[in-house]
Number of protein chains: 2
Amino acid sequence: MTPALISAQTPGNVYSYRVEVQGVGRKRLQEPDGRPTVHTVAARAGVSIASASRVLNGVGGSPETVRKVRAAAAEVGYVPNAIARSLQSQRTELVALAVEDIGNPVYVAMMRAIEAVVAESGRQLLVHATGGRIDNETALLRRLAHRYVDGMIISPIRVTAEHLTALADSPVPVVVIGQLAEDAPMDNVRTDSRLGIALAVDHLVATGRRRIGFVNGPLDTVPGAARDAGFRAALARHGIPLDENLVEVGDFQYAAGREATERLLARAEPDALVCANDLIAVGALHTLLALGRRVPTDVALVGMDDTELARMMFPQLSSVSLGSAERGRKAAELLLQRIDDPALPPRRAQVAPSLVVRASSGTPVPAQPIREEVTS
Amino acid sequence: MTPALISAQTPGNVYSYRVEVQGVGRKRLQEPDGRPTVHTVAARAGVSIASASRVLNGVGGSPETVRKVRAAAAEVGYVPNAIARSLQSQRTELVALAVEDIGNPVYVAMMRAIEAVVAESGRQLLVHATGGRIDNETALLRRLAHRYVDGMIISPIRVTAEHLTALADSPVPVVVIGQLAEDAPMDNVRTDSRLGIALAVDHLVATGRRRIGFVNGPLDTVPGAARDAGFRAALARHGIPLDENLVEVGDFQYAAGREATERLLARAEPDALVCANDLIAVGALHTLLALGRRVPTDVALVGMDDTELARMMFPQLSSVSLGSAERGRKAAELLLQRIDDPALPPRRAQVAPSLVVRASSGTPVPAQPIREEVTS
DNA sequence: TTGTAGGCGTTATCAG
DNA sequence: CTGATAACGCCTACAA
């Protein structure tokens with residue numbers, strides 16, 4: 001542990017001091033007490049660490065040197081230490097993703113898309129679940145100052161002043177997925193869930209539904225507020241008066257969707273239900289079926305996010321796609337670009353929503369040949 | 001970029017060389033070109049970096065020194081660099097988890113449990129999705145040599161010789177979740193899915209089912225093989241002859257479960273179906289309902305893993321719990337212990353399966369009051 | 001091409 | 001308690 005660097009000038013094998021200190025020529029070379037380093041390789045090849053490093057990185061080196069170093073590296077099983085490399089390069093090749101709920105399939109889809117882009121660039125993805133708690137998210141943002149990652153993608157469902165300041169003085173690039181103020185000077189990927197809800201309402205109205213209910217998430221979240229506004233605006237546009245009995249709020253989870261729908265059905269009789277996300281929609285479906293409603297015959301159902309879950313249900317759920325994979329991909333690209341060039345101006349990407357119609361709001365066919373289902 | 005360390009001996013402020021080099025007294029202190037370091041803080045406080053470091057780490061320092069350093073650190077907004085710290089401490093405070101499919105809720109549950117333990121210890125979790133591909137997994141294992149994480153938890157569904165050797169010469173601790181050879185000298189957390197399948201079969205037999213089908217995952221996977229063996233053994237134990245027409249194989253995904261069930265129903269008429277995991281079970285449920293079978297009246301259904309998904313379905317699915325959260329928690333504990341003490345002998349933890357009976361194999365009540373459902 | 005000599009930011013050791 | 005200094009493992013001017 002105290003490899004005094006005496007004998008660095010020792011004639012003979014000039015670079016052998018490490019080996020000398022270790023006291024054993026061959027054996028210890030494999031495991032001084034840890035793993036072989038550039039020094040180990042250099043000593044073994046009989047060259048300087050500079051030469052060893054160069055060869056290992058594929059820059060320069062005479063054929064002979066290259067041969068010797070490669071051989072030595074192979075013999076001792078040299079693997080570069082990522083930490084040391086990071087200290088030198090000032091980057092960890094790690095990118096973080098912070099989402100509210102890692103169990104929500106919409107984030108799984110987003111994560112997969114991000115992972116693909118990130119891995120493609122040779123980096124790795126670090127995933128954080130924030131539980132949607134502000135303190136958690138800002139703490140995460142602040143931790144970026146430690147520089148343990150090269151950048152972060154965050155998808156907050158609430159955006160506070162704290163977020164903004166933490167975002168502003170982050171030493172590493174951050175891309176936000178979600179609605180941000182128009183003038184926020186940061187990379188941002190967004191969609192328009194307000195429009196998404198409109199798509200759902202339009203479809204239901206077009207297929208003859210009039211008593212359209214809405215099961216939303218918390219109104220004090222960005223998506224919750226947008227979807228509420230979207231729902232009200234869409235009904236108004238169709239000249240359908242809003243019955244507050246047909247609107248319920250919970251959080252963005254399955255259980256909440258189930259319970260909220262239960263409350264709603266206790267006081268009103270909708271002929272259609274729009275849900276603020278698929279988790280809620282699945283909960284709603286459960287309640288509807290449990291209470292003996294036929295879907296879509298009695299009640300048509302439309303979810304949002306178009307997750308795998310929507311296709312797994314019976315009947316399969318119609319759902320508004322907010323392009324989660326696309327948003328993830330785009331966010332990852334923006335982030336990588338900014339990591340490569342921090343001087344870039346703030347950019348903004350927008351992904352348009354689209355409606356995917358499936359059995360839950362389509363032709364009422366309770367039991368049908370599987371082929372129909374598969375291709376639906 | 002070439003902060004020649006002249007003036008280190010300059011009289012006056014001895015530790016000011018960095019500041020000197022930066023050329024500006026105050027302004028640049030906040031951002032030499034990156035962030036403030038211990039040097040910045042030390043210079044500003046007028047003490048040595050050693051003292052600064054000590055105070056920053058809460059070890060030693062006279063009240064006066066502590067005050068000055070704290071003040072300086074606060075003024076410049078000092079945050080320790082995680083990478084440099086890692087190089088020194090030889091640990092990253094990062095732990096990796098490698099699972100096949102991050103979209104499978106069973107892994108989400110496992111991940112959450114692991115995350116809780118890992119976060120509790122002040123570390124962070126890095127998640128890898130392997131897609132179950134061997135090359136992918138061994139590459140991951142080999143990458144551990146870079147020491148970018150302090151340890152890894154891996155849950156392979158296939159275990160090859162490559163895995164074993166990669167596992168054996170990993171320089172950092174690895175805990176395997178899954179079945180390993182009895183004598184494999186490594187930390188291992190397992191369950192007994194063979195017994196789990198037996199639980200399911202016993203239950204179905206006890207409730208009067210006789211034509212019990214089985215939809216499994218690939219037989220060349222460890223869990224696939226175990227579950228197949230378990231199914232056959234259980235039937236035999238009950239003296240029920242096995243009808244191969246009642247056995248189907250796909251992979252461990254929803255779509256495969258759906259298709260496999262379709263094939264099975266095309267040639268046989270089971271009165272119960274055991275599925276090798278919940279994803280398959282959900283697919284099976286879809287096919288059953290689509291083909292007009294009533295669940296559980298016509299066909300009882302039992303899944304495995306007891307994921308959130310099972311509770312989301314209508315009817316809710318009975319499922320064999322393999323204690324995924326528990327296994328995750330246990331694995332994380334074993335890993336952290338080993339990181340703290342690499343000399344520990346290999347340990348093995350076992351989590352027992354249990355059956356959770358729900359509507360899909362219970363009393364046939366297609367539509368019932370929601371309350372019943374909620375508490376089921 | 002090759003080797004010398006830092007330096008990345010921290011912590012730890014060892015004299016004063 | 002404090003400061004000088006050596007690591008941690010790697011990369012890279014710069015000089016030879």
Side-chain angles (χ1 to χ4, degrees), chain A residues 1-6 8-9 13-15 17-18 21 32-43 45-66 68-69 73 78-92 145-148, chain B residues 1-6 8-9 13-15 17-18 21 32-43 45-66 68-69 78-93 145-148:
Chain A
M1 275 309 186
T2 41
L5 47 150
I6 36 94
Q9 311 90 322
N13 189 338
V14 183
Y15 312 107
Y17 66 95
R18 275 198 180 240
V21 168
D33 77 63
R35 311 269 304 173
T37 74
V38 227
H39 290 89
T40 322
V41 174
V47 301
S48 70
I49 61 164
S51 290
S53 174
R54 277 188 290 255
V55 171
L56 263 8
N57 288 299
V59 299
S62 70
E64 176 59 4
T65 304
V66 170
K68 287 190 296 186
V69 172
Y78 170 76
V79 177
N81 180 310
I83 303 167
R85 203 198 279 273
S86 288
L87 183 58
Q88 166 71 29
S89 66
Q90 298 288 33
R91 37 177 65 207
T92 60
H146 293 268
R147 325 204 63 147
Y148 68 103
Chain B
M1 276 303 187
T2 43
L5 45 150
I6 36 92
Q9 312 90 322
N13 190 339
V14 183
Y15 313 108
Y17 65 95
R18 269 185 185 252
V21 169
D33 75 64
R35 309 271 303 175
T37 74
V38 224
H39 290 89
T40 322
V41 174
V47 301
S48 69
I49 61 164
S51 290
S53 175
R54 276 188 293 255
V55 171
L56 262 10
N57 287 297
V59 299
S62 69
E64 176 60 1
T65 304
V66 170
K68 285 190 296 185
V69 172
Y78 170 76
V79 178
N81 181 310
I83 303 168
R85 201 200 282 273
S86 288
L87 183 59
Q88 166 69 29
S89 66
Q90 298 289 33
R91 37 175 67 208
T92 61
E93 310 299 339
H146 293 269
R147 325 203 63 147
Y148 68 102

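So that the names make sense, note that chain A is the first sequence line, chain B the second, and so on, each numbered from 1. Note that this is a predicted model, so its numbers are computed, not measured.
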Looking only at heavy atoms, what is the nearest atom pair of [X] and [Y], with distance?
X: Ala52(A); Y: Ala42(A); value: CB-CB, 3.8 Å
X: Tyr78(A); Y: Thr37(A); value: CE1-C, 3.5 Å
X: Tyr148(B); Y: Thr92(B); value: O-OG1, 3.3 Å
X: Ile83(B); Y: Arg147(A); value: CD1-O, 3.7 Å
X: Arg91(B); Y: Ser86(B); value: O-OG, 2.9 Å
X: Leu56(A); Y: Ala73(A); value: CD1-CB, 4.1 Å

Validation row: Asn57(B), Arg85(B) side chains within 4.5 angstrom (heavy atoms): yes
Heavy-atom side-chain proximity of Asn81(B) to Gln90(A) below 4.5 angstrom: yes
Backbone N/O of Ile49(A) and side chain of Ser53(A): donor-acceptor pair under 3.5 Å: no
Donor-acceptor contact present, side-chain His146(A) to main-chain Val79(B), <3.5 Å: no
Could you give the [atom1]-to-[atom2] distance, from [X] to [N], as a whole number of Å?
X: Leu87(A); N: dC8(C); atom1: CG; atom2: C1'; value: 4 Å
X: His39(B); N: dT5(D); atom1: NE2; atom2: P; value: 12 Å
X: Ile49(B); N: dT11(C); atom1: CD1; atom2: P; value: 10 Å
X: Arg35(B); N: dT10(C); atom1: CZ; atom2: P; value: 11 Å
X: Gln88(A); N: dC11(D); atom1: CD; atom2: P; value: 7 Å
X: Arg147(A); N: dG9(C); atom1: CZ; atom2: C1'; value: 12 Å
X: Asn81(B); N: dG9(C); atom1: CG; atom2: P; value: 7 Å
X: Ile83(B); N: dT11(C); atom1: CD1; atom2: P; value: 14 Å

Report yes if a side-chain nitrogen or oxygen of [X] is closer than 4.0 Å to either non-bridging phosphate oxygen (OP1 or OP2) of [N]; otherwise report no.
X: Arg85(B); N: dT11(C); value: yes
X: Ser51(A); N: dG3(C); value: yes
X: Tyr78(A); N: dC10(D); value: yes
X: Ser48(B); N: dG3(D); value: yes

Out of dG9(C), dG7(C), dT11(C), whichever nucleotide has its closest atom nearest the side chain of Ser53(B): dT11(C)
Sugar-phosphate, base or nothing in reach of Gln90(B), heavy atoms under 4.0 Å: sugar-phosphate
Axis-to-axis angle between the two ends of the helix from dT1(C)-dA16(D) to dG16(C)-dC1(D) (five base pairs per end, rounded to 10 degrees): 50°
First of Ala50(A) and Ala84(A) reached from the 5' end of DNA chain D, by closest nucleotide: Ala84(A)
DNA chain C contacts among residues 54-66 of chain A, heavy-atom distance under 4.0 Å: Arg54(A), Gly61(A), Ser62(A), Thr65(A)
